[in-house]
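Remarks on the structure that follows.
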Protein chains: 2
Amino acid sequence: MMKAVQTYAVDGEGRGKNHCVCDMCISRLSSMCSVLKPNELHKLNEITDHISIDAKNIVCEEGDNAEFLYNIVDGCVRISKMLADGRRQIIGFLVPGDFFGLSSSNGYGYSAETITDVQLCRMPREKLFKKFAEFPALGNKVLDMTKIELHGAQNHMLLLGRKMAKEKLCSFILTMSEKTGQIDNMPEDQVYLPMSRSDIADYLGLTIETVSRQFTILVKDKLIALEDNIHVRILEKERLRQISSGE
Amino acid sequence: MMKAVQTYAVDGEGRGKNHCVCDMCISRLSSMCSVLKPNELHKLNEITDHISIDAKNIVCEEGDNAEFLYNIVDGCVRISKMLADGRRQIIGFLVPGDFFGLSSSNGYGYSAETITDVQLCRMPREKLFKKFAEFPALGNKVLDMTKIELHGAQNHMLLLGRKMAKEKLCSFILTMSEKTGQIDNMPEDQVYLPMSRSDIADYLGLTIETVSRQFTILVKDKLIALEDNIHVRILEKERLRQISSGE
DNA sequence: CGTGCATTTGACCACCTTCAATAAAGGTGG
DNA sequence: CCACCTTTATTGAAGGTGGTCAAATGCACG
């Protein structure tokens with residue numbers, strides 16, 4: 001699979017010292033950068049590459065030397081782990097404001113692939129960590145975001161270990177509803193699912209057939225409506241919530 | 001369920017300023033305290049209560065106001081989440097050096113219960129976070145430990161979503177083997193499992209019957225031997241590893 | 001319009017669960 | 001110390017949820 005990396009904006013050098021590409025960033029307020037003052041942001045930008053990658057490309061692979069940390073500016077990324085025989089578990093769908101690449105060892109703990117075209121900020125891990133001393137708020141923010149990610153992982157363990165297929169899909173639709181609500185200004189009952197049925201299955205610990213069947217059931221029960229395979233309309237939100245939480 | 005809380009050592013006050021209970025702590029080097037110098041450690045101890053709790057008691061419940069963070073000094077704690085109808089997912093077994101109580105919101109994200117008798121250090125969350133400014137290494141250490149916890153959670157998502165019962169149990173035995181290896185000086189092939197079959201089942205996303213059956217199969221295949229229900233001897237470590245990773 | 005891929009639908013099957021009975025372990029009180 | 005009871009673990013039989021295999025449908029793209 002080929003990787004299309006290209007700069008979509010040059011670094012701060014050679015531009016007026018009071019402006020940089022970050023000032024206009026659409027994910028600025030939802031990312032770790034939100035805690036930085038403008039001049040601090042410019043300093044962080046000095047160690048940052050801004051890259052674009054086409055849909056369906058590998059950004060990094062499990063085990064690779066974890067050189068970079070990535071902020072998602074635009075688009076959707078999946079992170080996943082695999083067993084030796086190819087079974088895959090998607091451990092997260094990431095949207096603008098999210099980051100990935102934090103590792104507890106020298107290698108990445110998961111692979112990251114683009115689902116849509118994406119724009120990323122890429123910063124060398126070591127250099128970023130050194131900035132924590134200079135900007136303590138940044139380190140605290142990364143800790144906060146990691147805590148939120150851990151919390152999400154724990155909820156997902158509950159889903160994978162104890163929920164039925166129907167409950168899993170209802171949970172998923174509601175989770176994605178919150179995520180897309182954050183990025184776009186779409187009506188609240190409208191959910192955007194850029195990932196394939198195969199991705200959803202590997203996220204929920206199911207097969208594509210089971211995911212497809214459960215979608216059909218939810219539609220027949222008039223809890224949701226499918227505009228197409230990528231756009232879902234929520235018809236009975238409260239009922240979805242009840243099913244997803246085992247009530 | 002009653003909670004037995006009692007102080008097993010008094011605070012630093014009223015003792016020689018160059019000594020405190022932490023100096024002798026058996027989990028000192030494996031906990032977040034490991035990054036603190038002796039005098040820093042004494043300052044952290046000023047905001048810390050040292051408590052003992054008997055086996056099978058609740059320490060905190062999901063949704064409770066997350067006032068405290070707990071370090072485990074001795075014993076084993078399980079943390080878990082529940083669905084409305086009582087289905088339970090254990091999201092971790094914690095041993096000395098581990099901490100719990102970090103929350104991404106005001107309430108705890110999970111319940112914590114003691115499996116064995118335990119000794120805990122309890123510190124007010126707010127006061128601890130203020131120490132991060134004074135001791136940056138402490139904040140960095142908490143981030144490091146949270147990263148490790150997240151990494152473990154991601155591995156467990158792979159287990160819950162994609163592994164078969166046999167693979168789950170092999171993974172579990174190996175994971176517990178590493179954990180008990182860290183705390184005790186037992187022979188490497190000896191694994192200590194203080195939790196019940198019910199706990200193991202709720203950790204692996206199975207039923208107690210399936211866990212029991214898989215234990216029986218592993219014994220018949222001579223991959224492990226059961227001394228009693230709590231002590232397991234690993235006979236074929238490499239084979240266990242292969243099974244657990246889907247080879 | 002045909003090719004290729006993703007998704008849906010159907011039939012059958014297997015792993016794990018559920019239900020039930022038995023066995024073993026642990027705790028309590030006489 | 002042992003009888004009694006409760007709890008926990010094991011084992012067996014039956015059943016169901018979701019998986020596997022296969023075919024059909026839909027959709028994008030050249």
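In the text below, chain A, chain B and the rest are named by the order of the sequence lines, each starting its count at 1. Below, each value reflects all heavy atoms present in this structure, side chains not excepted, and no hydrogens, waters or symmetry copies.
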Distances under 3.5 Å between protein N/O atoms and the N/O atoms of nucleotides 28-30 of chain D, please, pair by pair.
none

Every protein N/O lying under 3.5 Å from an N/O of nucleotides 21-24 of chain C:
none

Output a table of nitrogen or oxygen pairs between the protein and nucleotides 18-24 of chain D separated by less than 3.5 Å.
from: D/dG18; atom 1: OP1; to: A/Ala165; atom 2: N; distance (Å): 2.6
from: D/dG19; atom 1: OP2; to: A/Thr207; atom 2: N; distance (Å): 3.4
from: D/dG19; atom 1: OP2; to: A/Thr207; atom 2: OG1; distance (Å): 3.2
from: D/dG19; atom 1: OP2; to: A/Thr210; atom 2: OG1; distance (Å): 2.4
from: D/dT20; atom 1: O4; to: A/Arg213; atom 2: NH2; distance (Å): 2.9
from: D/dC21; atom 1: N4; to: A/Glu209; atom 2: OE2; distance (Å): 3.1

Please tabulate the protein-to-nucleotide N/O contacts below 3.5 Å involving nucleotides 4-7 of chain C, giving atom names and distances.
from: C/dT7; atom 1: OP1; to: A/Arg197; atom 2: N; distance (Å): 3.2
from: C/dT7; atom 1: OP2; to: A/Arg197; atom 2: N; distance (Å): 3.3

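Put simply, the side chain of B/Tyr110 gets close to the backbone of B/Gly101: a donor and an acceptor are under 3.5 Å apart. With A/Glu178 contributing its side chain and A/Thr175 its backbone, the two residues share no donor-acceptor pair below 3.5 Å. Looking at A/Thr116, its side chain does come within 3.5 Å of a backbone N or O of A/Cys76 through a donor-acceptor pair. Between the B/Ser245 side chain and the B/Arg241 main chain, a donor and an acceptor come within less than 3.5 Å of each other.
B/Asp117 pairs by the side-chain hydrogen bond (donor to acceptor under 3.5 Å, both in side chains) definition with nothing, not counting sequence neighbours. Under the side-chain hydrogen bond (donor to acceptor under 3.5 Å, both in side chains) criterion, B/Lys166 pairs with no residue at all, not counting sequence neighbours. A/Ser198 pairs by the side-chain hydrogen bond (donor to acceptor under 3.5 Å, both in side chains) definition with nothing, not counting sequence neighbours. Considering only residues two or more places apart in sequence or on other chains, A/Asp228 meets the salt bridge (charged side-chain N to carboxylate O under 4.0 Å, His left out) condition with none of them. Residues passing the side-chain hydrogen bond (donor to acceptor under 3.5 Å, both in side chains) test with A/Asp202, sequence neighbours excluded: A/Arg88, B/Arg162. Residues satisfying the salt bridge (charged side-chain N to carboxylate O under 4.0 Å, His left out) criterion with A/Glu67, sequence neighbours excluded, are absent altogether.
A donor-acceptor contact closer than 3.5 angstrom is absent between the side chains of B/Ser27 and B/Ser30.
One end of the helix from C/dC1-D/dG30 to C/dG30-D/dC1 points its axis 40° away from the other end's axis, with each axis taken from 5 pairs and the angle rounded to 10°.
Rounded to whole angstrom, the span from the NE2 atom of A/His231 across to the C1' atom of D/dC27 amounts to 15 Å. Here D/dT8 presents its P atom at 16 Å from CG of B/Asp228, a figure rounded to the nearest Å.
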Note to self: Using the rule given for side-chain hydrogen bond (donor to acceptor under 3.5 Å, both in side chains), can you reason through A/Lys163 versus A/Ser171, listing the C-alpha separation, both sets of side-chain angles and the distance that settles it, and then say yes or no?
What the structure shows: CA-CA 9 Å; A/Lys163 289 186 186 177; A/Ser171 301; 2.9 Å; yes

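A cation-pi contact links B/Arg122 to B/Phe68, judged by a cut-off of 6.0 Å to the six-membered ring centre and 45° from its axis.
Within the model, atoms CG of A/Leu150 and CD1 of B/Ile91 stand 7.5 Å from one another, a figure rounded to the nearest 0.5 Å.
Applying the salt bridge (charged side-chain N to carboxylate O under 4.0 Å, His left out) test to pairs two or more places apart or on separate chains, none has a residue in residues 208-220 of chain B.
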